[in-house]
Amino acid sequence: MSLNRDQIAMRVAQELKDGYYVNLGIGIPTLVANYVPEDIDVMLQSENGLLGIGPYPTEEQVDADMINAGKETVTAALGASIFSSAESFAMIRGGHVDLTVLGAFEVDQNGNIASYMIPGKLVKGMGGAMDLVAGAENIIVTMTHADKRDNSKLLESCSLPLTGVGCVKKIVTNLAVLEVKNGAFHLLERAPGVSVEEIQQKTAGKLVVPDHVPEMSF
Amino acid sequence: MSLNRDQIAMRVAQELKDGYYVNLGIGIPTLVANYVPEDIDVMLQSENGLLGIGPYPTEEQVDADMINAGKETVTAALGASIFSSAESFAMIRGGHVDLTVLGAFEVDQNGNIASYMIPGKLVKGMGGAMDLVAGAENIIVTMTHADKRDNSKLLESCSLPLTGVGCVKKIVTNLAVLEVKNGAFHLLERAPGVSVEEIQQKTAGKLVVPDHVPEMSF
Amino acid sequence: MSGFNKVVSTYQEAMAGLSDDMTIIAGGFGLCGIPEGLTREIKEMGVKGLTIVSNNCGVDDFGLGILLKDRQIKKMVSSYVGENAEFERQYLSGELEVDLTPQGTLAEKMRAGGAGIPAFYTATGVGTPVAEGKEVKQFNGRDYILEESITGDFAIVKAWKADKIGNLVYRDTAMNFNPMAATAGKITVVEVEEIVEVGELNPNEIHTPGIYVNRIIQGTFEKRIEKLTLAKN
Amino acid sequence: MSGFNKVVSTYQEAMAGLSDDMTIIAGGFGLCGIPEGLTREIKEMGVKGLTIVSNNCGVDDFGLGILLKDRQIKKMVSSYVGENAEFERQYLSGELEVDLTPQGTLAEKMRAGGAGIPAFYTATGVGTPVAEGKEVKQFNGRDYILEESITGDFAIVKAWKADKIGNLVYRDTAMNFNPMAATAGKITVVEVEEIVEVGELNPNEIHTPGIYVNRIIQGTFEKRIEKLTLAKN
């Protein structure tokens with residue numbers, strides 16, 4: 001059965017390691033913070049200048065001066081540091097963030113990602129996404145495998161303007177976990193109850209399927 | 001009569017204005033700090049990361065963590081700020097320092113300066129001098145007008161490797177104050193008792209002498 | 001320290017000299033850490049044809065958004081501008097020019113502008129619409145694009161505390177773009193919550209040294225919250 | 001925060017993995033703010049062929065100068081190196097390579113290295129020996145040269161305080177090159193005067209965020225003064 005948003009986030013959370021500095025994008029990626037395994041610690045980086053995002057504030061704690069990159073009110077975690085946007089992107093661009101999780105409209109078999117612009121619709125801007133995909137060694141994209149009309153979002157070649165080139169290493173969708181390498185999507189895991197055939201059908205780009213495709217475990 | 005080191009510094013100090021941020025090089029420029037007019041305030045920038053150099057410390061105040069760019073122990077002035085070398089040179093390179101005073105081996109009529117290297121002798125390095133001359137709008141060079149063998153240091157063209165190109169605007173020597181513009185040294189003032197002839201004789205580059213050359217006043 | 005006293009008492013003095021067609025670099029991220037009163041003063045001055053360099057453009061009735069109604073802004077240089085309807089209308093109708101710039105590149109362009117670095121290479125945007133018309137160069141086998149720095153006629157900055165000679169301290173994530181903006185204006189104007197005496201700030205804890213600051217004004221702040229999110233309990 | 005506890009208890013652990021021919025970026029200006037114990041450990045390890053990127057090279061018997069006697073350094077990248085006799089001997093005899101780099105360019109090269117910027121333009125050094133072999137480009141009618149960034153296999157840093165997850169605070173002008181060095185090492189090792197608990201440092205006053213730091217060791221410091229200058233009377 002296809003995963004819901006929280007289940008996608010839960011699966012992504014399994015990729016976290018103790019001591020990781022992680023940047024979570026807006027949407028499903030933000031939910032990952034709710035599923036950090038109990039036996040590990042991660043520090044969340046917010047590109048507006050906060051390393052160590054804490055929980056949302058209580059009404060008493062709310063402070064207009066303390067927000068995350070999604071402009072939500074947050075708190076600072078124990079051990080947090082606060083810095084300028086230039087310093088924040090020095091971290092990001094310099095490859096110091098261990099893992100970046102972000103959403104996308106499309107990815108393709110060469111690791112390209114399109115996530116910020118649909119021509120003809122209003123372009124609201126790329127925010128920090130282009131810096132994040134260019135700077136991170138380790139990027140996980142979360143998205144639905146196909147759109148509402150069942151058009152695949154895992155393509156041979158992105159049709160939309162790109163956010164970054166050759167940067168996506170791993171994808172977690174509502175149907176599968178895939179690795180991107182050597183010009184193909186490699187199927188690693190399928191969602192519980194989802195068939196390999198369904199994944200094949202909804203993957204437009206080149207898909208490599210091993211003999212055995214385990215189900216995700218939660 | 002030719003000025004001594006302190007008198008050169010006194011004359012340079014007349015160029016200071018209230019509210020100036022000033023970088024003083026090693027040697028005669030450092031002495032300028034002793035002659036800041038009483039009715040104005042300046043802040044001294046030290047390129048190792050201190051804006052607001054205070055007086056030398058008393059024995060009780062000495063602190064190995066508080067030095068100037070000449071590696072001397074100093075104190076911080078009231079209103080000082082401390083920052084990294086990158087930030088320090090962002091200030092310098094970005095043209096935020098109002099006045100830079102430094103020594104030189106040679107200057108020429110096109111405003112070139114040679115101050116860090118005598119081929120055949122040991123090259124100890126340019127330190128921050130190249131950044132200072134490239135970044136400052138307003139540079140005063142202090143030096144003796146000629147060397148001990150009476151060879152002029154104000155040349156048609158520098159013979160030593162350059163520290164910077166076309167950057168020197170004003171020169172205060174033991175004999176004169178000169179402005180550098182339009183490919184010539186323009187004589188502005190002479191030291192008390194020094195004749196225009198002596199200055200002409202000791203200036204190898206093109207020298208423009210106005211009808212009246214006032215004596216410096218202290 | 002008379003020559004260093006940068007405090008002005010009116011917003012008119014604070015923004016004196018601003019005229020049509022100038023470039024303004026503004027601190028702030030969303031509605032967090034924005035120079036509210038300086039922005040209102042720009043609206044009241046009625047100057048037009050402005051180029052505004054700011055990560056965002058406020059919302060319809062707050063922050064830089066208030067400069068849109070009277071069409072004071074000719075061009076925005078921003079990374080994300082999707083927070084207001086009038087912006088959308090002007091942009092889609094072609095009345096407003098928008099130069100979308102990746103957030104990290106924007107921050108670095110401001111820093112470089114203030115630091116006398118005219119251009120730098122970055123991997124951000126390679127192979128995307130951002131790279132169009134820009135020089136590409138390889139370093140260690142990877143492509144990078146050349147991005148030029150930005151400076152402004154004015155910079156408008158919001159800080160928490162300033163001493164009278166312009167040393168600044170920011171508070172929490174209201175820092176954001178403010179330190180870079182402060183370095184990149186020919187005239188840098190800072191609106192603060194509190195002005196303190198010289199010597200009250202610890203030299204080791206100053207975020208922006210006073211050398212970058214030309215004018216300081218005591219502001220009053222609404223500090224509107226864009227997205228209130230609370231802990232569940 | 002087990003995965004973030006970066007404290008090591010011996011200098012051997014602190015410098016583990018350092019081997020011949022590596023590049024080390026070192027903080028410090030003169031003898032101020034230098035990682036004394038880490039430097040001694042490098043001497044004791046006896047690794048050779050090192051490239052050291054540091055504004056200065058210590059003095060004969062202190063700081064980086066102690067690595068000269070056993071010829072551990074192949075190359076120095078510095079702005080000023082005139083403080084010791086053995087250095088002079090090795091340099092003049094051609095045993096030691098020296099890449100003289102303007103101080104501000106050196107600081108920016110380290111910063112750029114840590115920030116993922118492979119190169120930047122600067123006016124510093126145009127028309128001088130520093131410009132030899134470097135690309136020149138005009139911006140707004142002025143010439144600038146292209147300078148490439150620097151990263152190291154190791155960075156050795158001296159800070160005043162660190163918390164256990166590597167957030168750093170420097171003290172006075174002992175900051176100098178340390179913040180940039182901290183960002184530019186594949187492995188960044190920090191020697192500090194005091195290790196504090198997580199939460200003791202104010203998030204707004206941290207100079208180097210822990211993300212840049214891999215190892216922290218409690219050091220003991222002689223803090224030798226290079227030029228003692230005292231107020232008269």
Side-chain angles (χ1 to χ4, degrees), chain A residues 46-50 53-59 61-76 80 82-93 95 112-114 116-117 119 121-135 161-167, chain C residues 27 29-33 55-56 78-83 87-88 91-92 98 100-108 110-112 122-131 143-144 160 170-180 207-208 221-233:
Chain A
S46 188
E47 60 261 36
N48 57 320
L50 171 62
I53 307 176
Y56 290 131
T58 62
E59 282 195 44
Q61 290 173 320
V62 168
D63 186 334
D65 287 345
M66 188 63 92
I67 66 170
N68 66 16
K71 289 151 195 163
E72 301 172 329
T73 47
V74 294
T75 58
I82 291 164
F83 34 82
S84 73
S85 301
E87 180 63 47
S88 181
F89 284 93
M91 276 173 204
I92 289 168
R93 198 190 305 103
N112 299 327
I113 173 171
Y116 86 104
M117 179 181 180
K121 290 200 182 181
L122 180 65
V123 182
K124 295 193 171 181
M126 68 292 284
M130 282 194 182
D131 306 279
L132 282 160
V133 301
L162 298 180
T163 308
V165 172
C167 51
Chain C
F29 181 92
L31 302 183
C32 181
N55 191 57
N56 313 94
S78 304
S79 87
Y80 190 80
V81 291
E83 315 289 9
F87 189 99
E88 191 166 336
Y91 179 38
L92 291 177
V98 179
L100 286 179
T101 304
Q103 194 171 142
T105 297
L106 183 61
E108 192 67 14
M110 289 184 193
R111 180 191 176 274
T122 177
T124 300
V126 168
T128 78
V130 165
D143 283 345
Y144 294 84
W160 181 36
Y170 307 97
R171 184 170 172 275
D172 293 346
T173 61
M175 175 185 277
N176 57 60
F177 280 84
N178 283 298
M180 288 75 70
H207 294 129
T208 293
F221 296 90
E222 176 186 336
K223 288 203 189 184
R224 191 182 294 186
I225 288 173
E226 202 162 344
K227 294 183 193 167
L228 181 67
T229 42
L230 294 172
K232 284 170 194 162
N233 65 349

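Each of V98(C), T101(C), L106(C), N55(C) has some count of heavy-atom pairs under 4.5 Å with chain A, and the biggest count is that of T101(C). In terms of heavy-atom pairs under 4.5 angstrom with chain C, the leader among G166(A), S84(A), A114(A) is S84(A). Heavy-atom pairs under 4.5 Å with chain A were tallied for A123(C), S78(C), P179(C), P129(C); the largest tally goes to P129(C). Ranking I92(A), L132(A), D63(A) against chain C, the residue ahead of the rest is D63(A), based on heavy-atom pairs under 4.5 Å. Between chain A and the residues L230(C), L31(C), L100(C), I225(C), the most heavy-atom pairs under 4.5 angstrom are made by L230(C). In terms of heavy-atom pairs under 4.5 Å with chain C, the best-connected choice from A134(A), S85(A), G70(A), P161(A) is S85(A). Most heavy-atom pairs under 4.5 Å with chain A: of the set Y80(C), Y91(C), W160(C), this distinction falls to Y80(C). Per-residue counts of heavy-atom pairs under 4.5 Å with chain A were compared for R224(C), M175(C), H207(C); the largest is that of M175(C). Ranking L162(A), N112(A), T73(A) against chain C, the residue ahead of the rest is T73(A), based on heavy-atom pairs under 4.5 Å. Counting heavy-atom pairs closer than 4.5 Å to chain C, the top residue among G49(A), P55(A), A86(A) is A86(A). For the set V133(A), V165(A), V62(A), N48(A), the count of heavy-atom pairs under 4.5 angstrom toward chain C peaks at N48(A). Comparing R111(C), M180(C), M110(C) by heavy-atom pairs within less than 4.5 Å of chain A, the highest count is held by M180(C).
Taking OH of Y170(C) as the reference point, atom CG of N178(C) lies at 5.5 Å (rounded to 0.5 Å). Separation of atoms OH (Y144(C)) and OG1 (T124(C)) is listed at 9.5 Å; rounding is to 0.5 Å. Going from atom CZ of R171(C) over to atom CD1 of I82(A) covers 9.0 Å, rounded to the nearest 0.5 Å. Taken to the nearest 0.5 Å, the CD atom of E226(C) stands 7.0 Å off from the CG atom of N56(C).
The contact between E47(A) and chain C is made by backbone and side chain atoms together, counting heavy-atom distances below 4.5 Å. The parts of V81(C) that come within reach of chain A are both its backbone and its side chain, each placing non-hydrogen atoms under 4.5 angstrom from that chain. At a 4.5 Å heavy-atom cutoff, the contact between P57(A) and chain C is made by backbone and side-chain atoms alike. Neither the backbone nor the side chain of S46(A) has a heavy atom closer than 4.5 Å to any heavy atom of chain C. Residue N68(A) touches chain C through its backbone alone, counting heavy-atom pairs closer than 4.5 Å. Both the backbone and the side chain of L228(C) come within contact range of chain A, judged by heavy atoms closer than 4.5 Å. Residue I67(A) touches chain C through both its backbone and its side chain, counting heavy-atom pairs closer than 4.5 Å. With a 4.5 Å cut-off on non-hydrogen atoms, D143(C) does not touch chain A at all.
Residues F89(A) and Q103(C) are in side-chain contact: their nearest non-hydrogen atoms beyond the backbone lie under 4.5 Å apart. Considering only heavy atoms from C-beta on, T173(C) stays 4.5 Å or farther from V74(A) through its side chain.
Contact record, M66(A) with A76(A): CE-CB, 3.8 Å, taken as the closest heavy-atom pair. Between R93(A) and T122(C), the shortest heavy-atom contact is CD-OG1, 3.5 Å. Nearest heavy-atom pair, S79(C) versus P102(C), reported as atom, atom and distance to 0.1 Å: CB-C, 4.1 Å.
Geometrically, K71(A) engages F29(C) in a cation-pi contact defined by less than 6.0 Å to the ring centre and at most 45° from the axis.
In terms of modelled atom types and a separation under 3.5 Å, the side chain of Q61(A) and the main chain of T58(A) share a donor-acceptor contact. Put simply, the side chain of T128(C) never gets that close to the backbone of G164(A): no donor and acceptor are under 3.5 Å apart.
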